[in-house]
Amino acid sequence: MSELIVLALKLAFLAALWLFILFVANIIRTDLFGRKLSPAELAAAGAVAAGDPVPKLSKRAEKRLPRILKITHGPQAGVELPLGQPILIGRATDCQLLLDDDYVSTRHARITLGPAGYQVEDLGSTNGTFVNNQRISTPTPIGPTDGVRIGRTQMVLEK
Amino acid sequence: MSDVVVYRKRRGAELFMLLLALAIALGGYFLIHLNTDGELPEGWPLTIGIAVAIVGLAHGVVRWRLPYADPLILPMVVLLNGLGLAMIHRLDLGGETRMYSAELQLTWTAVAIVAFCAVIVLLRDHRVLNAYPYLLFLVGLILLLLPLVPGLGKENNGARIWIEIGPYSFQPAELAKIVLSVAFAAYLVEKKDVLALAGGKLGRIVLPRPRDLGPILVMWLASMAVLVFQKDLGTALLFFGLFVTMLYIATERPGWPIIGATLFTAGAYAAFLVFGHVQARVSGWLDPFSNFDRNYQVIQAQFGFAWGGLFGTGWGLGRPNLTPLAKTDFVSAAIGEELGLVGLTAVVLIYGLIVARGMRAALGARDPFGKLLAAGVSFVFAIQVFAIIGGVTRLLPLTGLTTPFMSQGGSSLVANWMLFGLLMILTHQVRRPALEPAPAGPVASLAEEATIVVKTPAADPAAAPSPSPEPVAKPAASDEATIVTERPDTDEATVVTPAVSPPRDELTESIFRGES
């Protein structure tokens, strides 16, 4: 091949390499602007995400799961709720566990079955949800040894 | 409820970038043959077919399992891997006898991509790795120190970082890199509060309690053992740097990097004084021409860079074979010679962009384990690239690390692809829309509440001296002292006077004291 073609191809290759980097930069730039979703679309997208494989519990682990949510301290001490369905906790009337307490938000927290057993999730409450006296910010797995406090109510999971 | 902004999936962008990366890598491969023989290589449609098939597999699995994963990591990794393959092929051709290590490396690439897909399909969620910090720590340390076992370890070019089982040799540090990153992240998520807050102070630096220092001392001793017995500064720097960085990210205490850097500098200086091979590396770094025979490799690489100049000699037209070990440690010298400063800078920049994408994932991560893991993995990758390319270009003393994705060697390739499989899972978790947004409706924010004038207790002597909006200091059971301010939550505008302070009975008190 003539030297001119060799030179041209060499420069073209380097240009392609830097073009790749420019494209990368452009994708990073456009990535800054996300996609706007209305709540309905988000629910649909969430359904897609929820359809993603969540690690399933083995049969043995399922047997070891606690079955009851028991209130140990507070105005409703002694009340027991069966676990299984997600439990919504708060002052709203549609909550499975209705706590009449000034410290509790309308929709305060919920207890769901997660990848590692039951977990409690704060739903943006004002006064927070506490697991073992630590305020939680992410869904936190709880077991029979963990105490959950919401407002003036203490609860534990039991078999 | 307002609209929510989420990340886009960008799988189309990924596909486009993958095709561009493939075109560049295959273009390099064709240019080698065009420049040396004047014709396309034999069986080139087969090469294209294999390349498209294995990259298509990776893309397909990402599309299937991780639709929200970062769109740039995979194309950049494929480009680096492809450029490395092309350069190894070029070095095969340039030797005195025709070698076939590029074909072997292509096989390893296929194995590595299958391992990448396996990680993505089998792992699904990175959080399951959170459960076994100490076990993983132990496994990682054993892997790291495995080359020291007599009969198993093999000394190669002064560094004892290989193990040999039958005909196969393997660099366990590459695998230890993944295992220890996960172990450190899991350990530090558990211990970060204790490490950050407990312990005495020395001036402004919070020193940890002696018993919390255990793991950092174990890690320092392991790094020093690597430095002294395996004679490898790079691996020691890599693992100690990984640990100290993750400590710093977890605790946000500048004391840790200061302690870490001091310990490492002291250890490295002691090693310099005691060991001849470290002195040889340092002299090859500062003054290579003082001993031409001993520093032959570094000097040849320097000549290669000089000969390549700004734009390089062009694929297949330089003489990178003159540098010993050009396919492994010195592959970046071969790139610098044939693609020039412009090409090598592009490669370094791509490494930098990969690290930036990893750090971006760490910033966005919602769980502390994922955050630490993404940051640690990106940082260890950055140190590795810095140490080896810095060594080849004489910015640092030369170390025996591999150039990730580019240098020849199966263990490094497989381990790095698996590491990036893990990072892709993390980015998918970070970027996908949260399952349910926090309900914005009934929970009124402070800003929405009406402000009214409240009489101060001083103006009203009848009012009880109790502090008004109920600040309750809650002594926590753990080592940290947390101040939690409780605020009554009502849906109407709150009038904050002592009169409406919520009722507190004994039970409340006991709960607040954490006595339950």
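The sequence lines fix the lettering, A, B, ..., with proteins before strands; numbering per chain opens at 1.
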Against chain A, label [X] side chain, backbone, both or neither, depending on which of its atoms sit under 4.5 Å from a heavy atom there.
| X | answer |
| --- | --- |
| Thr313(B) | backbone |
| Ala21(B) | both |
| Arg431(B) | side chain |
| Arg127(B) | neither |
| Pro368(B) | neither |

Is Trp18(A) reaching over with its side chain to a backbone N or O of Gly343(B), donor-acceptor style, under 3.5 angstrom?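 Such a contact is absent between Trp18(A) side chain and Gly343(B) backbone.
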
Under 3.5 Å donor-acceptor, Lys10(A) side chain and Gly312(B) backbone: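 Yes, the answer is positive, given that a donor and an acceptor are paired below the 3.5 Å cut-off.
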
[X] versus chain B, the contacting section by heavy-atom distance below 4.5 Å:
| X | result |
| --- | --- |
| Ser137(A) | neither |
| Leu7(A) | neither |
| Asp31(A) | both |

Could you grab the distance from atom CD1 of Ile350(B) to atom CD1 of Ile21(A), nearest 0.5 Å is fine?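 Answer for the CD1-CD1 pair, Ile350(B) versus Ile21(A), is 4.5 Å.
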
Rounded to the nearest 0.5 Å, what separation is found between the OG1 atom of Thr138(A) and the CZ atom of Phe369(B)?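 Interatomic distance, Thr138(A) OG1 to Phe369(B) CZ, rounded to 0.5 Å: 13.5 Å.
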
So for atom CG, which belongs to Leu4(A), do other residues, nucleotides or ligands contribute more than 12 heavy atoms lying within a distance under 6.0 Å?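 No - once you tally the heavy atoms of other residues, nucleotides and ligands closer than 6.0 Å, there are 12 at most.
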
Residue, of Ala131(B), Ala346(B), Gly340(B), Gly314(B), that accumulates the most heavy atom pairs under 4.5 Å with chain A: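 Looking at each option in turn, the highest pair count goes to Ala346(B).
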
How far apart are the C-alpha atoms of Leu17(A) and Leu79(B), what are their side-chain angles, what is the distance that settles it, and do they pass the side chain to side chain contact (heavy atoms under 4.5 Å, CB included) test? CA-CA 9 Å; Leu17(A) 208 54; Leu79(B) 178 61; 4.1 Å; yes

Checking side chain to side chain contact (heavy atoms under 4.5 Å, CB included) for the pair Arg357(B)/Ile28(A): CA distance, chi angles, key distance, verdict? CA-CA 9 Å; Arg357(B) 293 315 282 172; Ile28(A) 291 175; 3.7 Å; yes

Over all atoms of both residues, closest heavy-atom pair of [X] and [Y]:
| X | Y | result |
| --- | --- | --- |
| Met76(B) | Phe20(A) | CG-CE2, 3.9 Å |
| Leu339(B) | Leu14(A) | O-CD2, 3.5 Å |
| Ile24(B) | Phe13(A) | O-CE1, 3.1 Å |
| Ala13(B) | Ile27(A) | CB-CD1, 3.8 Å |

Quick one: which of Leu353(B), Leu349(B), Ile354(B) gives a side-chain contact (heavy atoms from CB on, under 4.5 Å) with Val24(A)?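 With Val24(A) as partner, side-chain contact (heavy atoms from CB on, under 4.5 Å) holds for just one option, Leu353(B).
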
Go through the steps for Thr30(A) and Arg10(B) under the test side-chain hydrogen bond (donor to acceptor under 3.5 Å, both in side chains), then give the verdict. CA-CA 10 Å; Thr30(A) 50; Arg10(B) 315 289 321 250; 3.0 Å; yes

